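The structure under discussion appears below in the form of structure tokens.
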Amino acid sequence: MERGESSLSLSTLTNMRDYYAQKINKEMQTLAARFNVSLPVELNVTDSEWSAEPSDANDERSRLDSYLSKDQRLSNMLSQFMRVSDTVEVSKSREFANQLKAESTDDETIVNYLQGVKNAVSNNSSLRIANEGIQSTTYDVASTAFKEATSD
């Protein structure tokens with residue numbers, strides 16, 4: 001799953017993503033209230049360290065940053081959530097690519113579509129926490145790119 005690949009079904013991966021999202025969302029909502037951080041908050045990861053952006057905005061976000069750097073369990077859950085979310089997008093892109101192939105779309109368009117999704121996923125280093133929940137910044141990138149590929 002590290003590279004966005006898995007032998008698990010898309011349904012199983014989506015269920016895993018939703019499970020992690022539910023656990024993390026509840027905890028992050030509690031932490032945001034505890035540290036008086038207003039939502040939405042973007043969380044970025046650099047060298048396995050999570051931080052709230054912009055981290056220099058105020059003391060509350062600095063305290064949240066400090067908490068995130070000390071809570072290895074939560075950091076691991078955030079990283080796992082991001083990996084599963086990215087794997088969901090890569091799996092969706094494969095299904096959409098098969099659809100494009102069935103519609104006799106030219107190979108170059110399919111390759112460009114798959115490469116675009118893969119690039120978006122590999123460059124992902126952010127999560128967004130809002131009142132509605134947590135999402136990877138690549139959420140639904142496969143569907144969006146598919147719509148663009150089919151609208152040409």
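Values reported hereafter were calculated over all heavy atoms of this structure, with side chains retained and with hydrogens, waters and symmetry mates removed. Keep in mind it's a predicted model, so treat the numbers as computed, not measured.
- Few gaps surround CD on Q99; more than 12 heavy atoms of other groups in view lie less than 6.0 Å from it.
- Between R128 and Y139 there is no side-chain heavy-atom pair separated by less than 4.5 Å.
- To the nearest 0.5 Å, the span separating CD on Q135 from CD1 on I129 amounts to 10.0 Å.
- Remark: Y113 pairs with no residue by the ring-ring contact (aromatic ring centres under 6.0 Å, His included) rule, at least two apart or across chains.
- Across all non-hydrogen atoms, the minimal contact from V117 to S93 is CG1-CB, 3.7 Å.
- For S143, the side chain to side chain contact (heavy atoms under 4.5 Å, CB included) criterion is met by K92, F96, D140, not counting sequence neighbours.
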Using atom types as modelled, flag every donor-acceptor pair under 3.5 Å from a side chain in residues 25-32 to any protein atom, sequence neighbours excluded.
from: N25; atom 1: OD1; to: Q29; atom 2: NE2; distance (Å): 3.1
from: E27; atom 1: OE1; to: R73; atom 2: NH1; distance (Å): 3.2
from: E27; atom 1: OE1; to: R73; atom 2: NH2; distance (Å): 3.2
from: E27; atom 1: OE2; to: R73; atom 2: NH2; distance (Å): 2.5
from: Q29; atom 1: NE2; to: A130; atom 2: O; distance (Å): 2.8
from: T30; atom 1: OG1; to: K26; atom 2: O; distance (Å): 3.0

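- Without hydrogens or angle criteria, S66 side chain to S62 main chain gives no donor-acceptor distance under 3.5 Å.
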Quick one: side chains of residues 11-20, donor-acceptor pairs under 3.5 Å with protein atoms, not counting sequence neighbours, listed by atom name and distance.
from: T12; atom 1: OG1; to: S9; atom 2: OG; distance (Å): 2.9
from: T14; atom 1: OG1; to: L10; atom 2: O; distance (Å): 2.8
from: N15; atom 1: ND2; to: S11; atom 2: O; distance (Å): 3.4

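- Checking Q80 against N76 by side-chain atom types alone, no donor-acceptor pair falls below 3.5 Å.
- With rounding to the nearest 0.5 angstrom, the CD1 atom of I134 is 12.5 Å from the NZ atom of K23.
- Partner of W50 under the side-chain contact (heavy atoms from CB on, under 4.5 Å) criterion, chosen from S79, S126, S125: S79.
- Two residues are said to be in side-chain contact when any heavy atoms from C-beta on lie closer than 4.5 Å; F146 and L100 meet this criterion.
- The shortest distance between side-chain heavy atoms of M82 and N124 falls below 4.5 Å.
- Between atom CG of residue L74 and atom CD1 of residue I24 there is a gap of 7.0 Å, rounded to the nearest 0.5 Å.
- Here the CG atom belonging to D86 is positioned 8.0 Å from the OG1 atom belonging to T137, to the nearest 0.5 angstrom.
- Shown are L127, V84, V121; of these, the side-chain contact (heavy atoms from CB on, under 4.5 Å) with S136 is made only by L127.
- Nearest heavy-atom pair across T150 and K147 is OG1-O, 3.1 Å.
- Between A97 and L114, the shortest heavy-atom distance links the atoms CB-CD2, 3.8 Å.
- Inter-residue side-chain proximity for T138 and N123 is flagged as unmet; no heavy-atom pair is nearer than 4.5 Å.
- By the side chain to side chain contact (heavy atoms under 4.5 Å, CB included) test, V41 is found to be paired with V37, L39, L43, A52, R61, residues two or more places apart in sequence or in another chain being considered.
- Applying the salt bridge (Lys or Arg N to Asp or Glu O under 4.0 Å) test to residues at least two apart or on different chains, the pairs with a partner in residues 96-115 are K101-D107.
- The OG1 atom of T105 sits 5.5 Å away from the CD1 atom of I110 when rounded to the nearest 0.5 Å.
- With rounding to the nearest 0.5 angstrom, the CZ atom of R94 is 12.5 Å from the CD atom of E89.
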